[in-house]
Amino acid sequence: MTTTLIGGLGIFLLGMKYMSQGLQSIAGASLRRLIGAVTNNRLLATIVGFMVTVLVQSSSVTTVMTVGFVNGGLMSLTQAIGVIMGANIGTTVTGWILVLKIGKYGLPMLGVAAFVYLFCKNERLRYLALAIMGVGMVFFGLQLMKESCKFIHEMPEFREWFLHFQADTFVGVFQCMLVGCILTVLVQSSSATLGITISLASSGLIPFETAAALVLGENIGTTVTALLASIGTTTNARRAAYFHFLFNIGGVLWISTIFFWYVKFIPWLIDVDVTKEVVVNGEVTFPETVTAIAATHSVFNILNTLVFLPFAGHIATLLTKIVKDKPQEISHLTSLDIRILETPVLAIEQSRGEVIKMGILCDEMVEILKRLLSQETPDPVEVEVLFKHEEELDRMQDEITSYITHLLAMDLSQEVIAEGRCQLRMADEYESISDYLQRIAKFRLKLKKQGRSFDEPHNDSLLEVLAMVEGQLHQVTEAYQHAENQDIVAATVQSGSEIKDKVKSLSKEHLDYLSEEKVDPYINVSYTSTLNALRRVRDHIVNLAEAMAGEK
């Protein structure tokens with residue numbers, strides 16, 4: 001009995017994971033668009049939270065991911081509140097999936113889908129098979145848990161123990177809620193606890209009222225995941241996690257005051273008889289109780305959202321007052337958050353945003369360098385900003401590399417793997433560009449320190465090449481920002497050839513100048529080194545374009 005229950009629960013949880021993974025891979029672009037659609041409109045944010053949770057099949061993943069977005073400054077607290085409320089409604093879809101009377105088809109679904117997943121070459125079809133395989137495992141796991149409950153039903157000791165947990169008084173209701181909460185905290189999945197509750201209720205071990213109380217307790221237990229995820233995050237991210245806790249516990253408290261009316265209202269609403277027994281192959285089951293449990297879960301979360309939605313803005317203000325900002329809170333250079341790795345298609349989108357930031361910082365460095373080369377005495381403030389940008393780019397590359405390395409260790413689609421490799425290359429190229437730009441600034445500062453400077457023709461020629469490099473770099477960063485990768489290699493190679501020819505021409509002119517005029521050795525070394533550095537920047541920009549196009 002114990003091994004069947006544990007085995008069934010394990011297969012159920014693994015099925016949920018595979019179903020989530022398959023759906024995420026199939027709906028990758030849709031997920032990215034959904035998260036991008038989140039605005040301060042609370043209703044729209046709630047709809048997005050619902051749809052994302054349906055796709056990832058876990059409100060915990062959606063909530064933890066939302067905490068991660070708030071932590072990185074990509075989502076405001078008001079937006080997060082809407083998404084969290086929608087996630088609570090989205091998680092109830094799992095209950096309705098379990099209502100489907102296809103438990104006996106779970107194993108055949110799992111078998112057929114496994115063959116497709118193992119032997120099919122089409123990646124999209126493989127991930128569809130993985131999602132179906134997950135559904136099959138969910139139903140097979142649920143079937144095993146129901147079978148173990150059948151053995152429990154035949155044991156008087158267990159039946160007597162279950163009688164202690166009856167939701168027939170307010171004390172009993174709160175006891176059942178506590179059990180549901182603890183069970184959810186232990187298995188870290190409200191869907192798994194719901195599966196166990198459905199198994200117990202459909203076997204007749206617990207009445208509908210007890211199952212309803214357990215389901216309400218599960219809503220509190222699921223908030224622990226978000227609270228744990230908020231440890232070590234920014235103040236705003238902690239506020240989002242605290243809202244999730246307040247939203248669920250507040251809802252459970254108000255619904256518990258009308259609990260006995262509520263458990264009579266649900267069967268009436270969906271027109272089912274929760275006491276109706278059905279005998280199949282000598283087994284007594286209560287199929288209509290399962291439907292009532294799913295409805296209990298859904299109606300509670302919809303009602304709770306309707307109650308809280310008008311006050312979302314006020315709650316955000318209240319949380320801001322109660323949870324004070326930390327003095328001198330240190331923010332990360334990047335908005336990357338390891339919590340978002342649970343959803344790879346969104347994680348890769350986050351790292352893409354950071355690579356774009358690296359490109360923008362490089363663009364700013366070129367603009368600053370142009371001003372420094374144009375000044376007779378380099379502005380110390382601008383020099384400091386340029387050097388600071390270079391340090392930031394170094395650290396951003398380290399963060400991006402660590403993040404994508406963790407991501408690539410997961411089971412991913414080829415599309416995500418290719419994008420991850422591209423981003424690793426691009427981060428490295430941008431960091432190398434920043435090194436050369438800093439080196440050019442150092443050449444100029446060294447000359448100034450020695451009391452030397454370029455003559456006007458030489459300085460103008462360097463500014464001309466730098467302007468060409470700036471245009472080429474901006475072109476590549478813009479193309480990546482707007483996902484216009486098709487013709488970027490040809491355009492970059494063409495502009496790169498022009499820069500290469502210009503550098504060759506200037507080097508030749510400089511050699512001719514050296515044979516005609518006496519030139520200070522330091523000036524000579526600084527000029528040729530600056531030209532070489534600009535040529536190397538040009539090479540790295542071409543590498544960026546090739547990485548974007550997927551060329552090796």
Side-chain angles (χ1 to χ4, degrees), residues 2 4-17 19-20 53 56-64 87-99 103 134 137-149 152 158 161-162 165 167 172-203 205-228 244-245 248-249 251-252 255-256 263 289-301 304:
T2 308
T4 307
L5 182 64
I6 293 169
L9 180 60
I11 291 168
F12 184 96
L13 287 169
L14 192 60
M16 290 297 295
K17 179 181 168 64
M19 182 163 59
S20 172
T53 306
V56 301
Q57 278 300 298
S58 171
S59 63
S60 295
V61 168
T62 306
T63 308
V64 168
N88 275 269
I89 299 173
T91 195
T92 65
V93 171
T94 308
W96 289 106
I97 292 172
L98 300 178
V99 167
M137 290 176 82
V138 162
F139 282 111
F140 181 52
L142 190 66
Q143 195 69 22
L144 287 175
M145 285 193 283
K146 282 180 181 176
E147 283 178 19
S148 68
C149 289
I152 295 172
F158 274 106
W161 184 77
F162 275 107
F165 298 99
V173 169
F174 284 110
Q175 279 182 336
C176 293
M177 285 181 186
L178 184 62
V179 171
C181 176
I182 293 168
L183 196 57
T184 305
V185 170
L186 290 174
V187 297
Q188 282 290 291
S189 169
S190 59
S191 295
T193 317
L194 184 66
I196 294 169
T197 305
I198 284 173
S199 300
L200 293 169
S202 64
S203 303
L205 273 167
I206 57 172
F208 165 66
E209 292 78 14
T210 302
L214 284 169
V215 167
L216 293 176
E218 288 156 19
N219 279 275
I220 299 173
T222 195
T223 64
V224 174
T225 311
L227 287 171
L228 291 172
H244 187 222
F245 176 74
N248 280 28
I249 203 164
V252 169
I255 206 83
S256 63
V263 291
T289 303
V290 177
T291 310
I293 292 168
T296 302
H297 199 198
S298 294
V299 173
F300 162 69
N301 281 290
N304 204 29

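Everything numeric here is computed off the predicted structure, so don't read it as measured data.
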Between Thr193 and Thr184, is any side-chain donor less than 3.5 angstrom from a side-chain acceptor?
-> yes
Verify whether one side chain among Asn88 and Asn248 offers a donor that lies under 3.5 Å from an acceptor in the other.
-> yes
With sequence neighbours excluded, what pairs up with [X] under the side chain to side chain donor-acceptor pair (under 3.5 Å) test?
| X | result |
| --- | --- |
| Thr197 | Glu218 |
| Thr289 | none |
| Thr223 | none |

Test item: Val215 and Phe300 side chains (from C-beta on) under 4.5 Å apart, heavy atoms = no
With side chains defined as the heavy atoms from C-beta onward, is the minimum distance between Asn219 and His297 less than 4.5 Å?
-> yes
Would you give the length of the straight line joining atom [atom1] of [X] to atom [atom2] of [Y], rounded to the nearest 0.5 angstrom?
| X | Y | atom1 | atom2 | result |
| --- | --- | --- | --- | --- |
| Leu200 | Ile198 | CG | CD1 | 10.5 Å |
| Cys176 | Leu216 | SG | CG | 10.0 Å |
| Ile255 | Thr296 | CD1 | OG1 | 9.5 Å |

Compare every heavy atom of [Y] with every heavy atom of [X], then report the nearest pair and how far apart it is.
| X | Y | answer |
| --- | --- | --- |
| Gly251 | Asn304 | CA-OD1, 3.1 Å |
| Val185 | Gly221 | CG2-O, 3.8 Å |
| Ser256 | Phe174 | OG-CZ, 3.8 Å |
| Val263 | Phe208 | O-CE2, 3.3 Å |

Using side chain to side chain contact (heavy atoms under 4.5 Å, CB included) as the criterion, list what pairs up with [X], not counting sequence neighbours.
| X | answer |
| --- | --- |
| Ile11 | Met137, Phe140, Leu144 |
| Val173 | Ala167, Met177, Ala213, Phe259, Phe260 |
| Ala294 | Trp96, Val99 |
| Leu186 | Ile182 |

So, Thr210 side chain and Ile206 main chain: donor-acceptor pair closer than 3.5 Å or not?
-> no
Between Thr92 and the options Leu194, Asn301, Thr53, the side chain to side chain contact (heavy atoms under 4.5 Å, CB included) test singles out Asn301
